[in-house]
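Just so it is clear: chains get the letters A, B, ... in the order the sequence lines come, proteins before strands, and each one is counted from 1.
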Number of protein chains: 2
Amino acid sequence: MEYEQLKLDNQLCFRLYTAARLTMGAYHPYLDPLGITYPQYLVLLVLWEQDKQPVNDIAHKLFLETNTVTPLLQRMEKAGLVKRTKGKEDTRQRIVSLSKKGIEMREQAKHIPECLSNEIIQITGEEEEFVRMIPTLDKLIQGLKQQ
Amino acid sequence: MEYEQLKLDNQLCFRLYTAARLTMGAYHPYLDPLGITYPQYLVLLVLWEQDKQPVNDIAHKLFLETNTVTPLLQRMEKAGLVKRTKGKEDTRQRIVSLSKKGIEMREQAKHIPECLSNEIIQITGEEEEFVRMIPTLDKLIQGLKQQ
DNA sequence: TACTTTTGCATCGTGAACGATATAAATAAG
DNA sequence: CTTATTTATATCGTTCACGATGCAAAAGTA
């Protein structure tokens, strides 16, 4: 059994990877009608919490690199969801702000988290375990981000 | 607090998505020297368990679409890790088999799961919770796959 | 002030991931 | 035995995701 640990069944990371992919897929019925993708939805979540943020802040909150977020924002600007203006104090910065369309979308997206949550609970028959999972995932994320 | 649930902090799926991405990043120090990516590593895990499988079986075991796996395998073939031969009974199938290099890599990869596991436990200070997480993630994966 | 370093963002190249579509082979239906 | 349908891959187009690199502005230093 020298290679026992190489079996796919023993891989926690594979489960995380798969669960994340399939969960993103579960957003499709809700995001497709809005014409946005899951990462774009995450950007909107960030901006709905606080409008007018530089690229760097958004990237940091999503644990993404700016070279991922920049093209994402360019596509979102093209779709009329956000505007990107030069920073006043620091002209290197690009301040991202919600457009009218981006602001209005909040109302349409209001129930998405609840819907997803219900769906997951219904599918798995679990709720408690997901709640318990959160601080552990947070520790993992924070720990891996340091490296 | 009408939009409370839209706060990023409340999103389980965002944590899954982020944890999965960062965990994949943690494989880099181990996979880069082997010249493979994480999804390619997963394909190797599948083939190390059982050599000579059609594309469809590999895709199914990884919960991926064949249009993701096909180019993945093409890159792996170009890298000399696998061979892709026409099926004998069913000529539509492409049987994927390990090359010498692919077989030998198993020995080099032997300790990767253990290393990652230790790293994660050390970073988070948790182990029990990850063990408990596994059947829940499996339920989630199975449930989402049906849809 | 002149020079160096850092920072914020953008660009480029590569590899996933997947919906849509194509194609050929196998299977089912007539 | 044809014809229709399904199945197994492949191809195409778009969107992430990220390492490497570029560039201009800001900050630090001599």
Between CG of Asn67(B) and P of dT23(C) the distance, given in whole Å, is 17 Å
Against the side chain of Leu64(A), the closest entry in dA16(C), dC16(D), dC18(D) is dC18(D)
- prompt: Given the rule that I, L, V, M, F, W and Y join up when any side-chain heavy atoms are under 4.5 Å apart, are Phe14(B) and Tyr27(A) in one cluster?
  reply: yes
Result for 5'-nearest mapping on DNA chain C, choosing between Glu89(B) and Val55(A), is Val55(A)
Rounded to whole Å, the CD1-C1' distance (Ile36(A) to dC16(D)) equals 15 Å
Between Met24(A) and Arg92(A), whichever has its closest DNA chain D nucleotide further toward 5' is Met24(A)
Any side-chain N or O of Thr70(B) less than 4.0 Å from the OP1 or OP2 oxygen of dT11(D)? no
*Within the pair Asn56(B) and dA8(D), is there a side-chain N or O less than 4.0 Å away from OP1 or OP2?*
yes
Rounded to whole Å, CG of Leu73(B) lies from P of dA17(C) at a distance of 13 Å
Need one value for Pro71(A): base, sugar-phosphate or nothing, where a base atom within 4.0 Å counts as base even if backbone is also close, heavy atoms only. nothing
To the nearest angstrom, the CZ-P distance between Arg21(A) and dG19(C) comes to 10 Å
Whole-Å distance, His28(B) NE2 to dA16(C) C1', equals 12 Å
d(Leu44(A) CG, Ile58(A) CD1) to nearest 0.5 Å is 9.5 Å
Between the CZ atom in Phe63(A) and the CG atom in Leu42(A), the distance rounded to the nearest 0.5 Å is 11.5 Å
In terms of heavy-atom contacts, Ala26(B) and Leu144(A) come closest through CB-CD2, 3.9 Å
Separation between CZ (Arg15(A)) and OG1 (Thr136(B)), nearest 0.5 Å, reads 10.5 Å
- Query: So what does Phe63(B) touch, heavy atoms closer than 4.0 Å: a base, only the sugar-phosphate, or nothing?
  - Reply: nothing
Per nearest nucleotide of DNA chain C, the residue lying toward the 5' end, Arg75(B) or Lys88(B), is Arg75(B)
Here the distance between atom P of dT15(D) and atom CG of Leu81(A), to the nearest Å, is 12 Å
Regarding the side chain of Tyr17(A), the nearest nucleotide among dA16(C), dA17(C), dT9(D) is dA17(C)
The residue, Thr91(A) or Glu65(A), whose nearest nucleotide of DNA chain D is more 5′ is Glu65(A)
Is Thr68(A) touching bases, backbone alone, or none of the nucleic acid, heavy atoms closer than 4.0 Å?
-> base
Fill in: Side-chain donor/acceptor of Asp90(A) to base of dG8(C), under 3.5 Å
no
CG (Leu62(A)) and CG (Leu72(A)) are apart, to the nearest 0.5 Å, by 8.5 Å
Separation of dA17(D) atom P from Leu72(A) atom CG, nearest Å, is 8 Å
Query raised in the report: Any side-chain N or O of Gln74(B) less than 4.0 Å from the OP1 or OP2 oxygen of dG15(C)?
Result: no
Q) Counting only side-chain N and O atoms of Arg84(A), is one of them less than 4.0 Å from OP1 or OP2 of dA10(C)? A) yes
note: His60(A), atom NE2; dG8(C), atom P; distance rounded to Å ~ 11 Å
Exercise. If only side-chain N and O atoms of Arg94(A) are considered, is one of them under 4.0 Å from the OP1 or OP2 phosphate oxygen of dG8(C)?
Worked result: no
| task | Report which part of the nucleic acid Thr66(B) touches: base, sugar-phosphate, or nothing (heavy-atom distance under 4.0 Å, all strands). | result | base
